[in-house]
K.L.:
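Here's a structure for you.
The first residue in the sequence is number 1, and the count goes up from there.
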Amino acid sequence: GNTAGKRQTNILIDNVQVDSVKGFCMLLVNADTLLIQNSSGRYGGRPGSDTLTSPCQWPSGIKFLGCKYATIQHSEIAYTRGEGLNFQNSYYGLAHDNLLHDNGLNIYDDNSSNLIIRNNLVFNTPGINKRYWRNCPATIQPVWSGAGMMMANEGACIAGNGPSFSGCRLNCILPTESFNTVDSIYIFNNLFQNISSAFSFWEGNTNINGVNCIRNIFIFNNTVIGVLGDSTANTIGIVNLYFPSYNVLFNSYYSYLSNARVYNNIFSYDTSAYLHLIPVRKVVNTFHPGPIDITFSNNLWVQSHTYLGTGDVVRNSLPFSVPLLKDSTSTITPCETNQNFIYDVPAGVVGVSTDYNYSARRSPRSNVGAIEFDSSCLLHTGIYPILSAPLFVSYPNPFDQTITVAISAPYSEALFDNLNLEVQDAVGKILLKQKIISAQTTLNLANLSKGIYLLRFQQGQHSEWRKIIKQ
């Protein structure tokens, strides 16, 4: 990509590994219809950083800057000295079926809108050197393990100058640029293991003219279990809200949060060992004009707190430490032998038909958390053949009326008895489902409206996804 006004389009990054670089592993700028898959970025910003103390810059493992229709899938981002995955000034982004681990902050939404973050495994590794959780490795104060996902508006232009906030947009001049602030974010079917704050809302840059807004955030059917780090580190929340600024004497700039909904999740950690980690923490200026609008409902918590909402249940017996979930999720699968994880509530979103393991969700009631109730307590193995050959290709993309799906060469001789294809909308509603009986199939999707859709191709326990765009 570039910052000179010309945009790159239709970019595929497949089976690319970047390791031990001084800056970003991958930085994609002003790119449209972009797919990263079966790739990895490890140790971003690490070489030569061991003596850095605070303050220091935060590089990203993989960063989408000013991108539109960007997808990352079946990839790994790890050990970054900063944010692992970063969407900045971007919109219509999708991150699914990725391994994000041991980054200072695993996922960051900075001034980006219309994102879907689903079916990812986000974790920190027990026994790893704590410097991997420090953005400035030479600092010595107590530290929490890497955080899950943060949302904020830092107000940084790409090529423009003179940033200001107005109408839930970031506007820049010379040259003119305009970006949505954080808006319409859907976070579901993710596993967060051994992290500190799972979901953080930060006021961002409040020295920029205007009011910046974070709004329409939907966090549902995630499982958060375990924490690592120093028990003496500063107090934080599993859900953390930080809006301390409002100085009416010098300016009236501030940030607000509107329509944040947290429901149908599981939150568990060792409450006796980590007294400075609390379920929900709000830091808001006494004179803040508001709103700081966040509600909780139908969640399963290991500890009680002030902000419990309708249908929230506290279950002190929830397990808080299990083996790493990248190989198996059987230890947290709600079933007769894991009854602590069973809590049946109204389904999260109509159309989200599968769970983290792509097992069918029940309807109209479903189990909380990322994994649906399984009466047989089946052993669910990992779904991350990260660098394996893709099972199928689809073209053209974007498409107009029809799209062709073809089995990739390594699989072209496979039997077709157990091959299925689904077309889903952006929140997982199944619009078309059919068996695949030949090496090449053309789908007539003329009846679909313009927008983003997902293809799911399944062979036994192996699933692959593709984002497709109807123009």
Side-chain angles (χ1 to χ4, degrees), residues 3 54-58 60 63-67 82-83 86-91 93 104-105 107-115 135-136 147 149-185 187 197 199-219 234-237 239-262 280-295 307:
T3 59
S54 183
C56 65
Q57 292 183 329
W58 286 37
S60 301
K63 182 172 183 174
F64 298 106
L65 176 58
C67 294
E83 307 99 358
N86 186 346
F87 288 92
Q88 180 182 344
N89 297 353
S90 297
Y91 58 104
L105 169 62
I107 308 171
Y108 187 27
D109 174 2
D110 176 9
N111 228 115
S112 293
S113 68
N114 302 93
L115 303 184
N135 301 106
C136 308
M149 181 170 180
M150 177 182 285
M151 288 154 276
N153 299 304
E154 292 195 34
C157 305
I158 299 178
N161 299 274
S164 64
F165 290 112
S166 177
C168 291
R169 293 185 67 83
L170 168 65
N171 301 301
C172 307
I173 59 174
L174 301 176
T176 299
E177 295 178 319
S178 185
F179 310 99
N180 289 335
T181 52
V182 175
D183 190 356
S184 301
I185 312 301
I187 307 163
S197 286
F199 309 109
S200 297
F201 302 89
W202 171 45
E203 66 182 5
N205 192 341
T206 58
N207 293 316
I208 293 176
N209 178 59
V211 176
N212 83 71
C213 50
I214 302 171
R215 62 180 184 176
N216 302 322
I217 313 297
F218 304 96
I219 301 171
N234 292 334
T235 299
I236 58 171
V239 179
N240 205 65
L241 300 96
Y242 193 71
F243 295 80
S245 301
Y246 183 67
N247 193 335
V248 71
L249 295 179
F250 295 98
N251 62 59
S252 57
Y253 312 151
Y254 65 96
S255 173
Y256 71 81
L257 175 66
S258 174
N259 194 34
R261 303 294 175 250
V262 182
V280 180
R281 175 176 176 258
K282 284 187 180 182
V283 177
V284 182
N285 188 286
T286 303
F287 301 102
H288 193 286
I292 301 296
D293 171 26
I294 184 169
T295 63
Y307 305 101

K.L.:
Using side chain to side chain donor-acceptor pair (under 3.5 Å) as the criterion, list what pairs up with Asn207, not counting sequence neighbours.
P.N.:
none
K.L.:
Please name all residues satisfying side-chain contact (heavy atoms from CB on, under 4.5 Å) with Asn285, sequence neighbours left out, ordered by chain then number.
P.N.:
Tyr246, Phe287, His288
K.L.:
For Tyr254 and Pro289, which heavy atoms make the closest approach, and how far apart are they?
P.N.:
CZ-CG, 3.4 Å
K.L.:
Going by the rule ring-ring contact (aromatic ring centres under 6.0 Å, His included), which residues pair with Phe218 if we only count those two or more places apart in sequence or in a different chain?
P.N.:
Tyr186
K.L.:
Filter on salt bridge (charged side-chain N to carboxylate O under 4.0 Å, His left out), then keep only pairs touching residues 245-258, sequence neighbours left out; what's left?
P.N.:
none
K.L.:
Answer yes or no: is there a side-chain heavy-atom contact under 4.5 Å between Leu105 and Trp58?
P.N.:
yes
K.L.:
Find the distance between CG (Leu115) and CE (Met149) and round it off to the nearest 0.5 Å.
P.N.:
6.0 Å
K.L.:
Identify, with sequence neighbours excluded, every residue that meets side chain to side chain donor-acceptor pair (under 3.5 Å) alongside Ser245.
P.N.:
Glu203
K.L.:
Val211 and Tyr256: which non-hydrogen atoms are nearest, and at how many Å?
P.N.:
CG1-CD2, 3.7 Å
K.L.:
Report the distance from atom OG of Ser252 to atom CG of Asn209, rounding to the nearest 0.5 Å.
P.N.:
8.0 Å
K.L.:
For Ser113, which residues count as a side chain to side chain donor-acceptor pair (under 3.5 Å) partner, sequence neighbours excluded?
P.N.:
Asn180
K.L.:
Which pair of non-hydrogen atoms, one from Cys67 and one from Ser90, has the smallest distance, and what is that distance?
P.N.:
N-OG, 2.9 Å
K.L.:
Under 4.5 Å between any side-chain heavy atoms of Arg261 and Asp293, yes or no?
P.N.:
yes
K.L.:
Is the count of non-hydrogen atoms from other residues, nucleotides or ligands lying under 6.0 Å from Tyr91 atom OH greater than 12?
P.N.:
no
K.L.:
Can you list everything that forms a side-chain contact (heavy atoms from CB on, under 4.5 Å) with Glu154? Sequence neighbours excluded, please.
P.N.:
Tyr108, Asp110, Trp202
K.L.:
Taking side chain to side chain donor-acceptor pair (under 3.5 Å) as the test, write out the residues that go with Tyr242, two or more places apart.
P.N.:
none
K.L.:
Using the test salt bridge (Lys or Arg N to Asp or Glu O under 4.0 Å), find all partners of Arg281 that sit at least two apart in sequence or belong to another chain.
P.N.:
none
K.L.:
When you compare the side chains of Asn212 and Ser255, does any donor N or O come within less than 3.5 Å of an acceptor on the partner?
P.N.:
yes
K.L.:
If a pair satisfies salt bridge (charged side-chain N to carboxylate O under 4.0 Å, His left out) and one of its residues is in residues 155-174, list it, with sequence neighbours excluded.
P.N.:
none
K.L.:
Side-chain contact, heavy-atom cut-off 4.5 Å: Asn111 with Thr181?
P.N.:
yes
K.L.:
Between Ile294 and Phe201, what is the shortest heavy-atom contact and its length?
P.N.:
CD1-CE1, 3.9 Å
K.L.:
Distance check, rounded to the nearest 0.5 Å: Ile236 atom CD1 versus Ser197 atom OG?
P.N.:
3.5 Å
K.L.:
What heavy-atom pair brings Pro175 and Ala159 nearest, and what distance separates the two atoms?
P.N.:
CD-O, 3.3 Å
K.L.:
Heavy atoms, side chains only, cut-off 4.5 Å: are Phe165 and Leu170 in contact?
P.N.:
yes
K.L.:
Between Phe243 and Ile214, is there a side-chain heavy-atom distance shorter than 4.5 Å?
P.N.:
yes
K.L.:
If you count heavy atoms of other groups shown closer than 6.0 angstrom to CG of Asn234, is the number above 12?
P.N.:
no
K.L.:
State which residues pass side-chain contact (heavy atoms from CB on, under 4.5 Å) with Ser54; sequence neighbours excluded, sorted by chain then number.
P.N.:
Cys136, Thr139
K.L.:
So among Asn240, Val280, Ile217, Ile219, which one has a side chain to side chain contact (heavy atoms under 4.5 Å, CB included) with Phe199?
P.N.:
Ile219
K.L.:
Just jot down the salt bridge (Lys or Arg N to Asp or Glu O under 4.0 Å) partners of Arg215, sequence neighbours excluded, or say none.
P.N.:
Asp183
K.L.:
Grab the two heavy atoms, one from Glu177 and one from Cys157, that are nearest each other, plus how far apart they are.
P.N.:
OE1-CB, 3.5 Å
